[in-house]
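Taking it in order: structure first as structure tokens, then the write-up.
Since we're looking at a predicted model, the values are computed, not measured.
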Amino acid sequence: MTALLGAELLRLRTTRGVWLLLAVAQLLIVVGVSGVMRSRDDVGSPEVQQAAIAHVGLISLFTLVLGIMAMAGEYRHRTITDTYLTVPRRTPVVVAKLVVHTVAGLLFGAVTALVAVAAAAIWLTGRGSSLDVGSTDLWLTVAGGVAWNAAFAAIGVGVGALITNQIGAIAASLAWLALVEGLVARLVGDAQHWLPFALGSALNRLPTATDGPPQWQAGLALAGYAVAFVVAGVATTVRRDIT
Amino acid sequence: MTDVSITGLTKRFGPVTAVRDAGFTASPGVTGFLGPNGAGKTTVLRILLGLVRPTAGEALIDGVRYADLRHPRRVVGALLEATGFHPGRTARDHLTIAARLAALPVARVGQVLDDVGLAADAHRRVGGYSLGMRQRLGLAAALLGDPQVLILDEPANGLDPAGMAWLRGLLRDLADQGRTVIVSSHVLAEVAQTVDRVVVLHAGTVRFAGTLDELAGPGTGGLETAFLRLTSEPRLEGSRP
């Protein structure tokens with residue numbers, strides 16, 4: 001497993017895609033934080049500061065794509081052939097990707113959180129206010145946002161294992177988040193709080209997530225989604241012939 | 001001494017039978033694996049490498065299925081297609097990942113890059129490589145574990161005449177070192193100069209397995225005549241050579 005994890009880490013580091021995603025994400029988080037800081041008058045209030053920082057969690061769209069690319073990208077570039085030649089028993093390959101990308105998602109989220117806090121602090125100083133660093137709620141939001149990034153990276157690996165067509169997997173995931181979940185939510189009543197984006201919102205304590213489960217339950221449920229997708233992928237797609 | 005043995009191999013993809021009760025063995029030396037396009041060569045090789053599950057029969061390397069090898073890269077090296085690279089990654093990174101994954105010393109990467117003549121281009125992204133360079137990189141990956149068995153699917157594709165001559169020399173060297181080399185090809189002239197034994201596959205069945213002399217020795221009309229005779233016969237249901 002050590003060899004698998006090491007190779008996976010190297011694989012992640014040696015393409016430009018991951019660095020590009022990270023750079024664009026930082027740009028967006030600054031835009032997100034700045035939007036709140038510029039448009040609100042009561043920037044000193046803890047709620048407003050929390051709402052600005054909460055954008056960290058939305059960056060999980062990027063780690064989701066990163067996770068999908070980990071599996072489906074190997075099928076796209078057909079490097080999967082070489083990977084399975086080296087590791088003919090395929091399940092450990094997926095597990096190694098899951099571990100490495102969950103940690104990568106965590107780091108991705110942590111970097112984003114750092115930039116978000118810094119951007120907020122700069123705005124607040126400029127407006128003669130300051131970040132309410134003593135607020136537990138603020139740091140719970142930061143932690144939840146980082147965890148959301150990690151969870152969506154893990155789910156991405158699972159989705160990529162299930163749908164090995166990279167474009168298809170990314171399109172389906174983004175369509176779910178942008179449109180489908182909202183439509184499904186109206187059909188399923190209270191269960192809507194347990195759909196992936198709603199869970200992420202609860203984990204991140206977004207202002208929009210008011211009736212959702214508590215933070216820790218949302219985190220566990222998202223981990224459950226990740227495991228379910230990975231298991232489904234390993235049981236079906238990953239076993240298929242590589243022709 | 002490492003042998004490859006294939007017995008009673010059948011593979012159906014839905015309604016299509018790609019390989020039908022195929023069997024042959026390959027021992028040290030170069031075995032040419034010939035057949036027209038669509039004969040089932042690639043399917044047989046992919047089953048041998050554990051990438052495709054056979055419908056029936058088995059393919060063994062030294063009596064063991066590929067998936068059961070403890071260190072597959074140290075036993076078998078494979079070149080399947082010249083497309084299995086991330087275009088944004090350099091050749092050196094590609095091989096380093098493979099070495100790391102296979103728990104091979106990273107020093108092997110420099111050695112195989114030298115062996116295939118890519119050392120000077122190793123820091124370039126593979127996206128800018130020609131087909132011939134990709135074939136060389138694929139060969140480097142196959143040689144990484146210094147394996148006793150080499151499975152090469154159409155390795156001459158995209159090579160220029162100098163590259164062809166180089167490949168012939170490499171194959172002879174590998175065979176002289178006592179390795180078992182299986183080379184699939186549909187370019188007969190290329191094969192005639194390189195191989196010791198020949199397996200001819202047509203419509204998923206083995207039509208001939210033996211030495212090159214038996215197939216195309218003096219008085220037989222040559223390799224092309226023999227090949228066309230073997231691969232133009234109407235399909236014989238369930239027949240074996």
Interface moiety of L101(B) toward chain A, non-hydrogen atoms closer than 4.5 Å:
both
Of the backbone (N, CA, C, O) and the side chain (C-beta and beyond), which part of T83(A) lies under 4.5 Å from a heavy atom of chain B, both, or neither?
both
Measure distances from F85(B) to the heavy atoms of chain A and classify the residue's part below 4.5 Å as side chain, backbone, both or neither.
backbone
Check each atom of R239(A) against the heavy atoms of chain B and say whether the ones under 4.5 Å are side chain, backbone, both or neither.
both
Near-ring test W194(A)/Y225(A), centroid separation under 6.0 angstrom
no
R11(A) versus chain B, the contacting section by heavy-atom distance below 4.5 Å
both
For S60(A) and N149(A), which I'm curious about, is there any donor-acceptor pair between the side chains at under 3.5 Å?
no
Please flag which part of T96(B) lies under 4.5 Å from any non-hydrogen atom of chain A: side chain, backbone, both or neither.
both
Can a donor-acceptor pair be found between the side chains of R89(A) and T91(A) at a distance below 3.5 Å?
no
Salt-bridge present (D146(B), R179(B); N to O < 4.0 Å):
yes
Determine whether the aromatic ring centres of F24(B) and F33(B) lie less than 6.0 Å apart.
yes
Tell me which of these, H94(B), R46(B), E81(B), has more heavy-atom pairs under 4.5 Å with chain A than the rest.
R46(B)
Do T79(A) and R89(B) have side-chain atoms, one donor and one acceptor, less than 3.5 Å apart?
no
